[in-house]
*Asks:* 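Just passing along the structure, written as structure tokens.
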2 protein chains.
Amino acid sequence: MILSVLDFLHAEHSGIVSRLDTLLRIPSVSPDPQFAPHMQAARAYLRERLRDIGLSNVCELDGGGEPAVFGEWLGAPGKPTIMVYGHYDVQPADPVELWETPAFEPTYKDGRVYARGASDVKGSTVIALEVIAAFLKVHGALPVNVKVFLEGEEETGSPTLPAIIDRYRDRLDVDAVLSADGGRASATVPTINMGARGAGQLEFRVTTAGKDLHSGRYGGCVRNALHEMAVIVASLHRPDGTVAVPGFYADATAPTQRQRDDTAAFPFDPSAFFGDIDAIAHGEPGYTVREQITLRPALDINGMWGGYTGEGGKTIIPNTARAKLTVRTVPGQTSEAVLQAVERHLHTVCREGVQLEILHRFDGAPASTLAPAHPLVRAAEQVLTAEFGKTPLHVRLGASVPITSLFKTRLGVDTLMFGYNLPDEDVHAPNEFFRLTSITQGVRGWAQLLEALGAFPKAAFHPQ
Amino acid sequence: MILSVLDFLHAEHSGIVSRLDTLLRIPSVSPDPQFAPHMQAARAYLRERLRDIGLSNVCELDGGGEPAVFGEWLGAPGKPTIMVYGHYDVQPADPVELWETPAFEPTYKDGRVYARGASDVKGSTVIALEVIAAFLKVHGALPVNVKVFLEGEEETGSPTLPAIIDRYRDRLDVDAVLSADGGRASATVPTINMGARGAGQLEFRVTTAGKDLHSGRYGGCVRNALHEMAVIVASLHRPDGTVAVPGFYADATAPTQRQRDDTAAFPFDPSAFFGDIDAIAHGEPGYTVREQITLRPALDINGMWGGYTGEGGKTIIPNTARAKLTVRTVPGQTSEAVLQAVERHLHTVCREGVQLEILHRFDGAPASTLAPAHPLVRAAEQVLTAEFGKTPLHVRLGASVPITSLFKTRLGVDTLMFGYNLPDEDVHAPNEFFRLTSITQGVRGWAQLLEALGAFPKAAFHPQ
């Protein structure tokens, strides 16, 4: 059954690229409300595509935010039912002026397609859909039952995904989730994503006066909101790169020996890694770089601003300043507790005469972990060992995939991240790209994985 | 001669307000190049007005930037020649959303006119022009020769004023300067501005990587430009409010006993001063608030920004951040030396792996000082003593008036700041306003001052 599907997918390559191209041209930017009509257009396109593929009950699942697009094929009674997860939303293209080609006009160069969302995660989403299409086209059947679920809020932290899951729980009854999000760690070394860091966000404002003040008239006798913001932000880290917030690391589970071993076994070239981004290594002492970004928590300011930022000068003492931050958490931590520790710290370091307001706090997903004996892991090991001729390493992902823990806590099922994007593809940054070879490899991997999962009994997906 | 002029000005009040209104409606914002056509419109209006008043040789003096508007009346041979200085440019209206009424649609409320530039310094500029107009209308003559010089670059630090002065030196030959800029310290206590702090500006950027990075993929192993900017800005001040830049205070002349006495004699209510701006006192220990803002130097960040500042969140590690700062200097200091000390400090505190670039440095005017025996001071003392029935206090201005030192160094003449704006009028901030009573008082003051100056021989203006 599988060989004819792989042949079909091989022959279909240019058609797959052309359908990815169509999806990339829709600027489905979820964090910016201005793009709402394009979000709608992306959903309309995907509904039609799912129907063309041959899925049933194609519809939008609405939780009060950006709806998810849904479709299913349930023609394999007794076989496990797999949710195929992807997301159709993308990050803003800002800073737009740093893109060498327009973010929403896919450009093909050196075997890559450049566009916002190419790597995160329209490329891998299209791979999953094409494999389902191929099975149905060639055989009129899939090795497992499939429910396709394409989210529209991954880039905003999935605010209404819990509501969608709760509202459509019956329709989302599955044995496991295969996610097109959460990419590969390497193009040459096979790896299995055993989990991801969690995330949480906070936005805050400091205010030092009722209005901006003339720096000549008041300079030297009042606080300046930018000085205060700088003192607060500077207090978040020690010079050695450790997060200085009291209690920040308290609940973080220490890495196991196997985690440290597999992390060490993963080929990693620090000079290429840092050379590529023109930066130097700077992080928590006592951990390797890959441990720092996959097994240890982190805190980063994502935006900070206040005062006059236009052309020329403006001689003011700004009265207010704002900052956005994210925390990345590991197993043992909850972003709720970590953000509470950050909030307490902000209030502690905020000085007399300075008003501190938390404008927005979002307790994102906790970190996720997959059991090594789970059919998702065993099937992936089987496929990747066959494709690469070597046993895959267990790795963890530094970025967060909120859906993994949501599906675990609300649907009781585990998720395997099986995206084909690679770490250097500038996701969330200008000139994001996806490799066309990843499409070739991805459709082979997904086709064999669905086939392998069909060999496991349903019960194996639900260990006690 | 003076009484009929004062009567004329009294009768002309509503006409004066209407002409100020016309000028305020022209958004002559010099720091933002987008407003260049409005700068041109302001000049066209003023040229016509100077001709209407009866001045000769009305023209624009061009130094390669925004030209100054010029006109003269030289019908009093043997009498001193006074340059009447004002500026027609204004600060940007940002943040526009905090204005209660449109910045360039003058609004009249509670005896005030609200508009950008009303206080700084179109109000006082119109006062000076109206007094000249009144003398010429009533008597066909002025008590002194007058050269009107209206600058268009005061709010950008007068970058081409030196070139204008050098190019038109002959036309600008005067005995002293009367400036409409540099306002009153109080509405009830007569004061004479004996000088002003100097100013300098610096804009810099820190860069930590070649591009913005995904905070999941890189969070915990690289520097963040916003953290680095925060550390640098936080290092500029000590917690007690002292500037921490080595050498910052080194050349500052210590306040004299008379300066400290006159500063202490000036009525000052800290609770009203700080209550009005909803801020607390915070400055260099060992000095009173008024000493901090007039007799001591200061350093303020005017703008600081980097990363994502739009709606929602963006999980990036920003690779670059920028800041603008101004220094305020006192006699003994040069902004050049002070800014060099700041630059050295920035480079010293900038950490490994962080690239620091000075994008822009502007060595503005040094602080200025007027001799107590100068005719400008004596004439002002005479006028103010008569108007208020008490001897004026000598005070200094915290804000900078670059022209004062330029006229001193390039034309060899002293400047008296005799503007009628008051410190609480929100200059450089939203909802700037000017009091209509200041027009009434201002035209009386200026008319009598021109009369008093006419009694001094030319030689008295040039002490050895």
Side-chain angles (χ1 to χ4, degrees), chain A residues 31-32 91 156 201 208-224 226-227 230-231 233-234 237 277-283 289 292-293 296 298 300-317 324 326 328 353 398-400 423 427-429, chain B residues 31-32 91-92 156 201 208-224 226-227 230-231 233-234 237 277-283 289 292-293 296 298 300-309 311-317 324 326 328 353 398-400 423 427-429:
Chain A
D32 188 339
Q91 282 277 321
T156 57
Q201 298 185 347
T208 50
K211 55 190 174 188
D212 284 344
L213 302 171
H214 188 297
S215 75
R217 297 253 164 94
Y218 293 93
C221 80
V222 289
R223 292 195 183 277
N224 176 319
L226 297 180
H227 303 178
V231 166
V233 170
H237 294 80
I277 57 173
D278 198 15
I280 65 162
H282 178 70
V289 170
Q292 287 168 345
I293 58 179
R296 295 297 290 167
D300 270 289
I301 298 287
N302 314 116
M304 175 172 77
W305 69 102
Y308 184 67
T309 60
E311 281 291 310
K314 186 153 183 259
T315 53
I316 51 165
I317 301 174
K324 297 172 191 275
T326 47
R328 298 287 172 175
S400 309
V427 300
H428 293 210
Chain B
D32 188 338
Q91 282 277 320
T156 55
Q201 299 185 346
T208 50
K211 55 190 173 188
D212 284 344
L213 302 171
H214 188 297
S215 75
R217 297 253 164 94
Y218 294 92
C221 80
V222 289
R223 292 195 183 277
N224 177 319
L226 296 180
H227 303 177
V231 166
V233 170
H237 294 81
I277 58 173
D278 196 15
I280 65 162
H282 178 70
V289 170
Q292 286 168 345
I293 58 178
R296 295 295 290 166
D300 270 288
I301 299 286
N302 313 116
M304 175 173 77
W305 70 102
Y308 184 66
T309 60
E311 281 292 309
K314 185 150 185 260
T315 53
I316 51 165
I317 301 174
K324 297 172 191 274
T326 48
R328 298 286 172 177
S400 309
V427 300
H428 294 210

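So you know, we letter chains A, B, ... as the sequences are listed, proteins then strands, and number each from 1. Predicted, not measured: the structure shown is a model, and the values here were computed from it.
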*Asks:* In terms of heavy-atom proximity below 4.5 Å to chain B, should A:K314 be classed as side chain, backbone, both, or neither?
*Replies:* both
*Asks:* Using non-hydrogen atoms only, which part of B:S215 is less than 4.5 Å away from chain A: side chain, backbone, both, or neither?
*Replies:* both
*Asks:* Looking at A:D212, A:T326, A:I301, which has the largest count of heavy-atom pairs under 4.5 Å with chain B?
*Replies:* A:I301
*Asks:* Quick check on B:R217 against chain A: is it the side chain, the backbone, both or neither that has a heavy atom closer than 4.5 Å?
*Replies:* both
*Asks:* Count the heavy-atom pairs under 4.5 Å between each of B:G313, B:A234, B:G220 and chain A, then report the option with the highest count.
*Replies:* B:G220
*Asks:* Please report the interatomic distance CD(A:Q292) to NE2(A:H282), rounded to the nearest 0.5 Å.
*Replies:* 9.5 Å
*Asks:* Using 0.5 Å steps for rounding, measure from the OG1 atom of B:T315 to the CZ atom of A:R328.
*Replies:* 5.0 Å
*Asks:* In terms of heavy-atom pairs under 4.5 Å with chain A, which of B:T156, B:N224, B:V289 leads?
*Replies:* B:N224
*Asks:* Is A:E311 close to chain B through its backbone or its side chain, or both, or neither, when contacts mean heavy atoms under 4.5 Å?
*Replies:* both
*Asks:* How far does CG of A:L226 sit from CH2 of B:W305, to the nearest 0.5 angstrom?
*Replies:* 10.5 Å
*Asks:* I'd like to know which of B:H227, B:K211, B:Q201 tops the heavy-atom pair count under 4.5 Å against chain A.
*Replies:* B:H227
*Asks:* Given that the side chain runs from C-beta out, which part of B:L213 has a heavy atom under 4.5 Å from chain A: side chain, backbone, both or neither?
*Replies:* side chain
*Asks:* Please flag which part of B:H237 lies under 4.5 Å from any non-hydrogen atom of chain A: side chain, backbone, both or neither.
*Replies:* side chain
*Asks:* Sort out for me which of A:A399, A:G283, A:G307, A:G353 touches chain B most, counting heavy-atom pairs under 4.5 Å.
*Replies:* A:A399
*Asks:* Between A:V233, A:I317, A:V222, A:V231, which residue shows the highest count of heavy-atom pairs closer than 4.5 Å to chain B?
*Replies:* A:V222
*Asks:* Nearest 0.5 Å please: distance from the NE2 atom of A:H214 over to the CD atom of B:Q91.
*Replies:* 7.0 Å
*Asks:* Any donor-acceptor pair under 3.5 Å linking the side chain of B:N302 with the backbone of A:I316?
*Replies:* yes
*Asks:* Of the non-hydrogen atoms in A:A279 and B:A209, which two are nearest, and what is the gap between them?
*Replies:* CB-CB, 3.9 Å
*Asks:* Given that the side chain runs from C-beta out, which part of A:D32 has a heavy atom under 4.5 Å from chain B: side chain, backbone, both or neither?
*Replies:* neither
*Asks:* If every non-hydrogen atom of B:G312 is compared with every non-hydrogen atom of A:K324, which pair is closest and at what distance?
*Replies:* O-NZ, 2.5 Å
*Asks:* Please identify, among B:C221, B:A281, B:A298, B:G306, the residue contributing the most non-hydrogen atom pairs under 4.5 Å to chain A.
*Replies:* B:C221
*Asks:* Nearest heavy-atom pair of A:Y308 and B:P92: which atoms, and what distance?
*Replies:* OH-CG, 3.9 Å
